[in-house]
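Quick note on labels: first sequence line is chain A, next is B, and so on, each numbered from 1.
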Amino acid sequence: MISAADLRRIAFWSHELTEEEFERAQRGIVEKLYAKGAYLCHRGDRLESWTGISSGLVRFGMTSRSGKIMTLAGLREGSWFGEGTVLKNEARQYDLVALRDSRVAMMHRATFFWLFENCVAFNRFLVRKLNERLGQFIALVEYDRTLPATARVARSIAWLFNPVLYPKAETQLEISQEEIGLLSGISRQAANSSLKTLEVKGLLRVEHGSITVLDIDRLRQFED
DNA sequence: GCATTAACAGCCG
DNA sequence: CGGCTGTTAATGC
C-alpha cells in the first residue's frame, strides 16, 4: 500500500477527502516500477486499475499500422488516468510507455468504484479532469497538421503544466529535449531549436535536463 | 524549405 | 563515465 505522504504528494484530489475516504484510497493503491522503455500497457490490454504517476514520465499515445507514433499526452508526476476504461470495463484503446524510469500508483478497481459511489470530492475531481483532457484532445485535432513545430512544442509543454491538472506543480520540470521531442512528435534536434525560440521569446528557460516555464498563458496560446 | 537521421564534440552531473 | 546538448552534414518529402 502507498504511504500517506506519497499519496498526498501525487494526488491533490486526496487532500479533499475525509479521513475515512483517504484511508480507503490509501489501502487500495499499490506502487509499481517501470524501467525506461517499458510498456504499462499496450492497446488492447486489460489494465484493471485507475492509475497515477508517482515519479517519472510516461507517453500516452498509439502507434498506427504504418508504425507512426501519435502522442495524445505526456503524463508526469501527479497525472491520473484510465477512469474511462475502468468505468466502461473495456480494453485499453492506447499504449502507455515509460519514457524514463517511472513509479506508478495503481488503484484497485473496487476502491475506485467505492470512491466513485461515495465521495463527492472525488467526483468533482474526475469531472474537472475529464473536462481538461477533452479540451486538450480538441486542441490536438488542430495541432497535428496546422501548427508549426515550435507551436506544437509549446503546447506539449504547456499541457505538462496545466494548472487544473497539476495545481501545485513547480515551474521547473525535469525533462530532456529528446523526451520533449517524443511528446511533441518531432526529432530531438528540432525540439532543441524550438526550445531556443521559446526561450528567446521569454516563455521558458532551458536548462541541462530540465525546463522552467516563465509564462504558461503565452506558452499555451503560442502560434508561431 | 522544412524536418529527419546520423554523427560527433563538448558539457554537466 | 554516461547522458544530454548544440551543431553540422547528408538525405527525403
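Across all strands, A:S187 comes closer than 4.0 Å to base atoms (heavy-atom distances).
Among pairs with a residue in residues 65-110 of chain A, those fulfilling ring pair (Phe, Tyr, Trp, His ring centres under 6.0 Å) read A:W13-A:W80, A:W50-A:W80, A:F60-A:Y94, at least two apart in sequence or across chains. The stretch residues 152-199 of chain A participates, sequence neighbours left out, in these ring pair (Phe, Tyr, Trp, His ring centres under 6.0 Å) pairs: A:Y143-A:W159. Listed by first and then second residue, the side-chain hydrogen bond (donor to acceptor under 3.5 Å, both in side chains) pairs that reach into residues 110-128 of chain A come to none, sequence neighbours excluded.
Taking a heavy-atom distance under 4.0 Å as the criterion, the stretch of DNA chain B touched by chain A extends 5' to 3' from B:dA3 to B:dC12.
For A:K88, the salt bridge (charged side-chain N to carboxylate O under 4.0 Å, His left out) partners at least two apart in sequence or on another chain are A:E90. The ring pair (Phe, Tyr, Trp, His ring centres under 6.0 Å) test applied to A:F116 returns no partner, not counting sequence neighbours. Qualifying side-chain hydrogen bond (donor to acceptor under 3.5 Å, both in side chains) partners for A:S184, counting only residues two or more places apart in sequence or in other chains: A:S156. Residues that satisfy the side-chain hydrogen bond (donor to acceptor under 3.5 Å, both in side chains) test with A:E174, not counting sequence neighbours, are A:R100.
Rounded to an integer number of Å, the gap from CG of A:L99 to P of C:dG3 is 16 Å. Rounding to whole angstrom units, NZ of residue A:K36 and C1' of C:dG2 are separated by 11 Å. Atom-to-atom, CD of A:E179 to C1' of C:dG3 comes out at 11 Å; the value is rounded to the nearest Å.
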**Report entry** Steps toward side chain to side chain contact (heavy atoms under 4.5 Å, CB included) verdict (A:E48, A:T85)
**Finding:** CA-CA 8 Å; A:E48 293 286 300; A:T85 316; over 6 Å; no
Report task. Spell out protein contact along nucleotides 6-13 of chain C as letters: B when the base is contacted, S when just the sugar-phosphate is, - when no protein heavy atom is under 4.0 Å; keep the 5' to 3' order. Result -> BBB-----
